[in-house]
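Step one of this worksheet: look at the structure below.
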Amino acid sequence: LFDVGRKRIVCQGLYELELKRYVDTIGSTTQVALLAAGDPSYFRALAEDRVICADDAATHPATHEFASGYLGPLQIYSMLEAPLRHKGELVGVLCHEHRYHRRTWTQDEVSFAGHMADFVAHAMEASDRLVAERALHQLNQELEQRVDERARQLEEATELVLRMQKERTEAQMAAGFAQE
């Protein structure tokens, strides 16, 4: 996902198929980041394309900038990148990377990558909706408390006005009796 300043995409999690393990990279010292300024072709392609299908990532127009600093050290030969869009904005990328030898991605795999990006976007929307619903519930509870407090204050004020009217009436009656 993009960092706060939208200057780089930072790896949030990694599944290594050959080791059959998930690695949570958030806060890790080995966290991988792709810089927007250093890789303009890639970020332009993310903004424009549904999926970047780079069978040969070192020569593909969108991913060739990664050849020496990213692809080579990690032995990545092929990339299938699906941009993540949330609320109409590019927020990150779902990366599928093939290591050790070149891979030709099938049309089904390309389609799958795009659908998985859509699925992640829907999950982000659901998460936002859940956060909003919780906030709304909290605000409703606070509003109900305020309404209850105002109702109690109004009831006390009404009782005070009635008591004062009663006292005034009694005082007027007493003054009338005294005058008679």
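Side chains included, hydrogens not; waters and symmetry mates left out as well; all remaining heavy atoms used.
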Side chains of His137 and Gln141: any donor to acceptor distance under 3.5 Å? yes
Between the side chains of His98 and Asp55, is a donor N or O closer than 3.5 angstrom to an acceptor N or O? no
Carefully, step by step, assess Phe43 and Ile9 under the rule side-chain contact (heavy atoms from CB on, under 4.5 Å). CA-CA 10 Å; Phe43 283 86; Ile9 289 181; 3.6 Å; yes
Are Lys166 and Glu159 close enough, and set up right, to give a salt bridge (charged side-chain N to carboxylate O under 4.0 Å, His left out), and what steps lead you there? CA-CA 10 Å; Lys166 181 180 174 186; Glu159 288 176 12; over 6 Å; no
Expected output: side-chain Asp3 to main-chain Arg6 donor-acceptor under 3.5 Å: yes
More than 12 non-hydrogen atoms from neighbouring residues, nucleotides or ligands closer than 6.0 Å to CZ on Phe2, yes or no? yes
Starting from the C-alpha separation in whole Å, work towards a yes-or-no answer on salt bridge (charged side-chain N to carboxylate O under 4.0 Å, His left out) for Arg85 and Glu89. CA-CA 5 Å; Arg85 290 181 173 77; Glu89 184 175 317; over 6 Å; no
How long is the straight-line distance from CD of Gln107 back to CD of Glu109, given to the nearest 0.5 Å? 10.0 Å
State yes or no: are the ring centers of Phe66 and Tyr42 separated by less than 6.0 Å? yes
Determine whether more than 12 heavy atoms belonging to other residues, nucleotides or ligands lie under 6.0 Å from atom CZ of Phe177. no
Tell me whether Ile52 is reachable from Leu80 by hopping between hydrophobic residues (I, L, V, M, F, W, Y) whose side-chain heavy atoms are closer than 4.5 Å. no
Are any of the side-chain nitrogens in Lys87 or Glu125 under 4.0 Å away from the carboxylate oxygens of its partner? no
Taking Ser78 for the side chain and Arg103 for the main chain, is one N or O donor matched with an acceptor at less than 3.5 Å? yes
Stepwise side-chain contact (heavy atoms from CB on, under 4.5 Å) check, Leu1 with Leu84: CA-CA 8 Å; Leu1 298 174; Leu84 298 175; 3.9 Å; yes
State whether a side-chain donor-acceptor pair under 3.5 Å links Glu149 with Gln153. yes
Under 3.5 Å donor-acceptor, Glu81 side chain and Leu46 backbone: no
Under 4.5 Å between side-chain heavy atoms, counting indirect links through other Ile/Leu/Val/Met/Phe/Trp/Tyr residues: same cluster for Val93 and Val120 or not? no
Linking I/L/V/M/F/W/Y whenever any side-chain heavy atoms sit under 4.5 Å apart, do Leu90 and Met124 land together? no
Side-chain donor-acceptor pair present, Asp56, Thr59, cut-off under 3.5 Å: yes
Verify, without hydrogens or angle tests, whether Arg21 (side chain) and Glu16 (backbone) share a donor-acceptor contact under 3.5 angstrom. no
NZ/NE/NH1/NH2 to OD/OE distance under 4.0 Å, Asp118 and Arg50: yes
I'd like to know if Arg150 and Glu155 make a salt bridge, using a cut-off of under 4.0 Å between side-chain N and carboxylate O. no
Ile76 side, atom CD1; His96 side, atom NE2 - distance, nearest 0.5 Å: 13.0 Å
